[in-house]
Engineer: 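Dropping the structure in here first, questions after.
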Number of protein chains: 2
Amino acid sequence: MRSSSIANTIFKVLEGQEDHLTAKEIYEKVKVTLSAVDPSTVYRSLERMVHQGQVSVSDMGGPAVVYELVTKNPHHHLVCEQCGKKLTFKNGEIADFLNEVQKESGFQITTNHLVLFGICPACQKKK
Amino acid sequence: MRSSSIANTIFKVLEGQEDHLTAKEIYEKVKVTLSAVDPSTVYRSLERMVHQGQVSVSDMGGPAVVYELVTKNPHHHLVCEQCGKKLTFKNGEIADFLNEVQKESGFQITTNHLVLFGICPACQKKK
DNA sequence: GTATAATATGCAAAGATTTGCATTTACAAT
DNA sequence: ATTGTAAATGCAAATCTTTGCATATTATAC
Ligand SMILES: [Zn+2]
Ligand SMILES: [Zn+2]
Ligand SMILES: [Zn+2]
Ligand SMILES: [Zn+2]
């Protein structure tokens, strides 16, 4: 993979990013560097990176699924479906559960960015 | 909601369905009964039903997210990302974990159809 | 290095989904 | 029943995403 490849540019974009990004947002950011890049190429690259396990793709309750680097800091989330408030769990806090499932099923778990939904304490009070 | 409403028709479609369906598939089935229905109406109705908790929406690894009645038989899945093989867990087998998260976070968990991914034993052998 | 095969990219078109707005329908209050 | 309000629907347009195919790039084998 040469350093100017799309995948590499995507990688850099995700690396310098705290939050999760939609495919569209990633495309926009890649276009800043590679102005002639085609959307389909970005979408296909993302798909590839997800399949290879470098990147996670998740529905976080927003208008579109979001992508994030997996390698950087493995974690999981609990999202309030009413106000969008987001808790982050370190991988270890969920690992027990996933290991249990792995042991009982024989499947090797690949889920690397679990997203649960709920209603946060504040929103529970609201009614 | 009158009995010929779109939401009601969608409900019937999902009720008489074993497997998960994509929005497109649901639209096609609704159209059989209500030939003049507009796609956007079906999409919006589904969104509503999901928001109200009657229907689950999940990425099961296929080309599009899939919908399913939640009320019928609450459950969760583990899907092989290589061959698509699908295990189904009764709600009880996952409930402990969700209850734990609920207790520790104060969030009231609403996730009603959890989908985990992994590699099944057969595909692990394939190398 | 040259040839061969596999992968990545761009482009155009198709397809799927969402959005804005006007209209209709359902519900509730009078 | 009449009126007023909120929700649901259809239609057209916009947007987002995927797909097929040709070209270019990269990797592998000789
Ligand atoms: Zn995350
Ligand atoms: Zn909240
Ligand atoms: Zn299911
Ligand atoms: Zn498998």
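Letters A, B, ... mirror the listed sequences (proteins, then strands); counts begin at 1.
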Engineer: What is the distance, rounded to the nearest whole Å, between atom CD of B:Glu47 and atom C1' of D:dA7?
Structural biologist: 14 Å
Engineer: Between atom CD1 in B:Ile6 and atom P in D:dA8, what is the gap in whole Å?
Structural biologist: 12 Å
Engineer: In whole angstrom, give the distance that lies between atom CD of B:Glu25 and atom C1' of C:dT17.
Structural biologist: 15 Å
Engineer: Categorize B:Ser45 for me: base, sugar-phosphate, or nothing, with a 4.0 angstrom heavy-atom threshold over every strand shown.
Structural biologist: sugar-phosphate
Engineer: Starting from the 5' end of DNA chain C, give me the residue, B:Ala23 or A:Val37, whose nearest nucleotide shows up first.
Structural biologist: A:Val37
Engineer: Identify which nucleotide among D:dC11, C:dC11, D:dT9 has an atom closest to any side-chain atom of A:Asp38, counting heavy atoms from C-beta outward.
Structural biologist: C:dC11
Engineer: Of the nucleotides D:dC16, C:dC11, C:dT18, which one has an atom closest to the side chain of B:Ser40?
Structural biologist: C:dT18
Engineer: Does the separation of the ring centres of A:His113 and A:His75 fall below 6.0 angstrom?
Structural biologist: yes
Engineer: Rounded to the nearest Å, what distance is computed from the NZ atom of residue B:Lys31 to the C1' atom of nucleotide D:dT9?
Structural biologist: 16 Å
Engineer: Quick check on D:dT9: is either OP1 or OP2 less than 4.0 Å from any side-chain nitrogen or oxygen of B:Arg44?
Structural biologist: no
Engineer: Search all heavy atoms of A:Lys90 against all heavy atoms of A:His76 and return the closest pair with its distance.
Structural biologist: O-CD2, 4.4 Å
Engineer: How many whole angstroms separate atom CG of B:Asn8 from atom C1' of C:dA26?
Structural biologist: 14 Å
Engineer: Nearest to the side chain of B:Arg48, heavy atoms from C-beta on, is which of D:dT18, D:dT9, C:dT18?
Structural biologist: D:dT9
Engineer: Report the distance from atom OH of B:Tyr27 to atom P of C:dT18, rounded to the nearest whole Å.
Structural biologist: 15 Å
Engineer: If a pair satisfies salt bridge (charged side-chain N to carboxylate O under 4.0 Å, His left out) and one of its residues is in residues 65-77 of chain B, list it, with sequence neighbours excluded.
Structural biologist: B:Glu18-B:Lys72
Engineer: Please give, in whole Å, the distance from D:dG10 C1' to B:Tyr43 OH?
Structural biologist: 15 Å
Engineer: Can you confirm whether more than 12 heavy atoms, excluding those of A:Lys29, are under 6.0 Å from its NZ atom?
Structural biologist: no
Engineer: Could you tell me which non-hydrogen atom of B:Leu98 sits nearest to which non-hydrogen atom of B:Thr111, and how far apart they are?
Structural biologist: CD1-O, 4.2 Å
Engineer: Taking for each residue the nucleotide of DNA chain D bearing the nearest heavy atom, is the 5' side occupied by B:Gln52 or by B:Pro63?
Structural biologist: B:Gln52
Engineer: Rounded to whole Å, please give me the gap between CE in A:Met49 and P in C:dT7.
Structural biologist: 17 Å
